[in-house]
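The structure appears right after this line, and notes come after that.
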Amino acid sequence: PKMFLGGPPAGPAGTGKTETTKDLAKALAKQCVVFNCSDGLDFLAMGKFFKGLASSGAWACFDEFNRINIEVLSVIGQQIATIQLALKRKQTELFFEGSQIALDAGFGVFITMNPGYAGRS
């Protein structure tokens, strides 16, 4: 199964986007690491998260992803795309953000968003 693609649940605040992602991970016996995003997050910090999670095969759930600055979002999108492309190619290793990392096919990225967030037009 292609469990490495993840998903971007969207909806109003308090409707269970993060809890649904965590419950799905639990049902599939996957570790799910939830991180609450803020406008202070940068692509270097996200790169470190991706290195660890992609090599362990855990799921990443980035809550309120749309709070990240728009300039940083484009770089993070490229980081996610790079890992997902390597997974689609069935690679077991990847040169990522200056390091050679092991790649576990169980890795998945989930991002939750609250449409209409005041900091984003």
Side-chain angles (χ1 to χ4, degrees):
K2 295 183 180 182
M3 298 303 295
F4 58 82
L5 295 177
T15 55
K17 299 175 295 292
T18 303
E19 289 304 314
T20 299
T21 302
K22 287 168 43 181
D23 288 346
L24 179 60
K26 185 176 181 180
L28 296 172
K30 299 291 300 176
Q31 180 180 8
C32 183
V33 178
V34 178
F35 185 79
N36 195 353
C37 299
S38 70
D39 55 5
L41 199 58
D42 64 14
F43 72 92
L44 295 172
M46 291 295 278
K48 289 178 184 177
F49 277 117
F50 290 138
K51 283 180 185 182
L53 295 170
S55 62
S56 70
W59 282 4
C61 180
F62 295 102
D63 202 17
E64 298 187 44
F65 194 73
N66 51 319
R67 292 182 62 190
I68 300 171
N69 287 332
I70 195 76
E71 298 83 7
V72 178
L73 278 175
S74 64
V75 178
I76 293 170
Q78 190 61 50
Q79 290 172 325
I80 293 170
T82 299
I83 295 170
Q84 287 184 338
L85 181 61
L87 289 168
K88 286 179 185 178
R89 292 177 175 167
K90 300 187 183 333
Q91 291 175 229
T92 57
E93 289 187 332
L94 172 67
F95 190 76
F96 182 79
E97 298 292 322
S99 302
Q100 188 74 19
I101 62 168
L103 201 54
D104 186 305
F107 174 68
V109 176
F110 293 81
I111 58 172
T112 68
M113 298 176 281
N114 294 320
Y117 169 62
R120 180 85 62 238
S121 55

Distance col, row Ser55:OG vs Ile101:CD1, nearest 0.5 angstrom, shows 6.0 Å
Shortest non-hydrogen contact between Asn69 and Asp39, atoms and distance
ND2-O, 3.1 Å
Quick check for you: to the nearest 0.5 Å, what is the distance between Arg67 atom CZ and Leu41 atom CG?
10.5 Å
How many angstroms lie between atom CG of Leu24 and atom NZ of Lys30, to the nearest 0.5 angstrom?
10.5 Å
For residues 9-19, tabulate all N or O donor-acceptor pairs below 3.5 Å that involve a side-chain atom, not counting sequence neighbours.
from	atom 1	to	atom 2	distance (Å)
Thr15	OG1	Pro12	O	2.8
Lys17	NZ	Gly11	O	3.1
Lys17	NZ	Pro12	O	2.9
Lys17	NZ	Asn114	OD1	2.9
Thr18	OG1	Asp63	OD1	2.8
Thr18	OG1	Asp63	OD2	3.4
Glu19	OE2	Lys22	NZ	3.1

Does Asp104 use its side chain to pair, donor to acceptor, with the backbone of Gly106 at less than 3.5 Å?
yes
Does Gln79 use its side chain to pair, donor to acceptor, with the backbone of Phe43 at less than 3.5 Å?
yes
About how many Å separate CG of Leu87 and CG of Leu103, when rounded to the nearest 0.5 Å?
4.5 Å
Tell me whether the rings of Phe107 and Phe50 are parallel (<30°), tilted (30 to 60°) or perpendicular (>60°).
perpendicular
Could you see if Ile83 belongs to whatever hydrophobic cluster contains Leu85? Use Ile, Leu, Val, Met, Phe, Trp, Tyr and a side-chain cutoff under 4.5 Å.
no
Sorted by chain and number, sequence neighbours left out, side chain to side chain donor-acceptor pair (under 3.5 Å) with Ser99 holds for Lys51
Minimum side-chain heavy-atom gap Thr112-Cys61 below 4.5 Å:
yes
Reported CG-to-CH2 distance for the pair Leu28 and Trp59, which is rounded to 0.5 angstrom:
5.0 Å
Take the angle between the ring planes of Phe49 and Phe62 and call it parallel below 30°, perpendicular above 60°, tilted in between.
perpendicular
Exercise: identify the closest heavy-atom pair between Gln91 and Glu93
NE2-O, 3.1 Å
Between Met46 and Ile76, which heavy-atom pair has the shortest distance, and what is it?
CG-CD1, 3.4 Å
Working to the nearest 0.5 Å, report the span between NZ of Lys48 and CG of Leu44.
7.0 Å
Taking side-chain contact (heavy atoms from CB on, under 4.5 Å) as the test, write out the residues that go with Thr82, two or more places apart.
Gln78, Leu94, Phe96
